[in-house]
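Since the structure comes first, as structure tokens, the remarks are kept for the end.
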Amino acid sequence: MMEDKQELEWEDIVERDMERALEDGEFQIFFQPKVNMLTSHIYGAEALSRWIHHDRGLIPPDKFIPIFEKNGFIKKLDMYVFERVCRYKAEWKGRNYEHIIISVNLSRENIQAKELPDALFGICEKYGVPAGEIEIEITENVFIKDSSELISFVDRLKELGFGVSIDDFGSGYSSLNMLRNVDTDVVKIDKDFLNMTKDDVRGRRILKYIIGMCKELKLDVVVEGIETWEQINMILGYGCENAQGFFYSKPINIDEFEKFADEYSMIMN
Ligand code: C2E
Ligand code: CA
Ligand code: CA
């Protein structure tokens with residue numbers, strides 16, 4: 001009961017403050033590098049929101065994203081993040097990491113907006129960013145009912161040149177039909193998959209065969225939540241080289257990210 005009351009109070013605080021916070025630039029974009037485990041080179045990054053509140057300090061996404069998903073404000077935030085990412089990318093012209101792929105999360109609420117893919121493309125054009133350098137992450141649970149609406153949304157994104165990934169794969173009730181019907185490029189395997197005990201033989205086999213299946217389907221696979229050497233060796237052994245996890249870097253602010261990207265980019269001509 002007590003908890004419910006606190007939650008409702010928190011929701012009220014968030015709702016009262018969110019518009020102002022967006023205008024005041026309190027939402028910042030942190031980047032978490034995606035790394036090739038064989039070469040340790042960065043090949044991409046995920047954009048993740050942080051609310052740096054003038055009074056309360058850093059508020060993590062799990063304290064505001066679910067509330068924004070309920071009240072619809074997530075649409076505004078996701079657009080803001082997308083545009084800010086394009087602006088950063090435009091600023092990176094001439095740097096050795098200018099072309100790395102940045103992925104942006106889109107919440108379920110956005111998928112209903114048919115015109116959204118074209119609007120996103122318009123933002124890319126405004127900043128001179130090729131759509132192929134942006135990947136859209138859509139979480140697995142959105143795909144469960146593989147509606148024709150969702151399929152055409154993803155198809156339009158792909159026609160425009162965006163990459164599309166299924167996020168949190170394996171976290172919910174994954175339907176294999178989803179891999180048949182929805183034309184994505186990347187599967188991100190959920191970090192909970194790595195939280196296995198040493199003798200979870202079945203869990204390891206499932207992971208191995210998911211990676212193998214994705215490769216057969218010509219889908220890129222990224223494993224999220226890599227924290228240890230042991231996990232790196234296991235995942236490399238299963239044939240996946242791409243990782244995102246605290247072992248390489250936590251989500252970091254723009255200054256730290258630019259340093260990281262500069263240091264770990266392949267030199268490109
Ligand atoms: P996500 O999209 O699955 O993002 C990955 C989350 O996993 C991030 O949490 C990241 O910090 C965490 N993570 C990555 N590697 C590791 C690891 O090795 N160990 C552990 N323990 N965690 C790791 P974060 O930044 O707290 O974000 C939480 C969720 O909030 C995201 O999960 C995403 O669903 C949502 N989110 C964040 N920013 C946005 C946004 O701008 N728009 C939307 N729609 N959702 C967002
Ligand atoms: Ca994500
Ligand atoms: Ca994820």
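None of the values given here were measured: they were computed from a predicted structure. When a ligand or atom number is given, it counts from 1 through the structure's own listing order. When a residue number appears, it is its place in the shown sequence, counting from 1.
Under the 3.5 Å distance criterion, with hydrogens and angles disregarded, no donor-acceptor pair is assigned to the side chains of Asp192 and Ser171. Between the side chains of Ser107 and Glu69, a donor-acceptor pair is found at a separation under 3.5 Å. For the residue pair Gln28/Trp51, the side-chain donor-acceptor check at 3.5 Å is not satisfied.
Aromatic ring centroids of Phe169 and Phe193 lie 6.0 Å or more apart.
Ligand 1 is surrounded by Gln32, Glu46, Leu48, Ser49, Arg50, Pro61, Ile65, Ile74, Asp78, Val81, Asn105, Ser107, Asp167, Asp168, Lys191, Glu224, Gly225, Ile226, Glu227, Gly245, Phe246, Pro251, each with at least one heavy atom closer than 4.0 Å.
Within the 4.5 Å cutoff, the side chain of Val142 has no heavy atoms near those of the Ile166 side chain. Looking at heavy atoms from C-beta onward, Val222 lies in side-chain contact with Tyr43 at the 4.5 angstrom threshold.
Taking 4.0 Å as the cut-off between side-chain N and carboxylate O, Glu224 and Lys188 count as a salt-bridged pair. Look at Glu159 and Arg156 and you find a salt bridge, because one of the NZ, NE, NH1 or NH2 atoms lies within 4.0 Å of a carboxylate O, short of that distance.
Within a 6.0 Å radius of OH in Tyr264, other residues, nucleotides and ligands contribute 12 heavy atoms or fewer.
If you count the protein N, O or S atoms nearer to the Ca ion (ligand 2) than 3.0 Å, you get 4.
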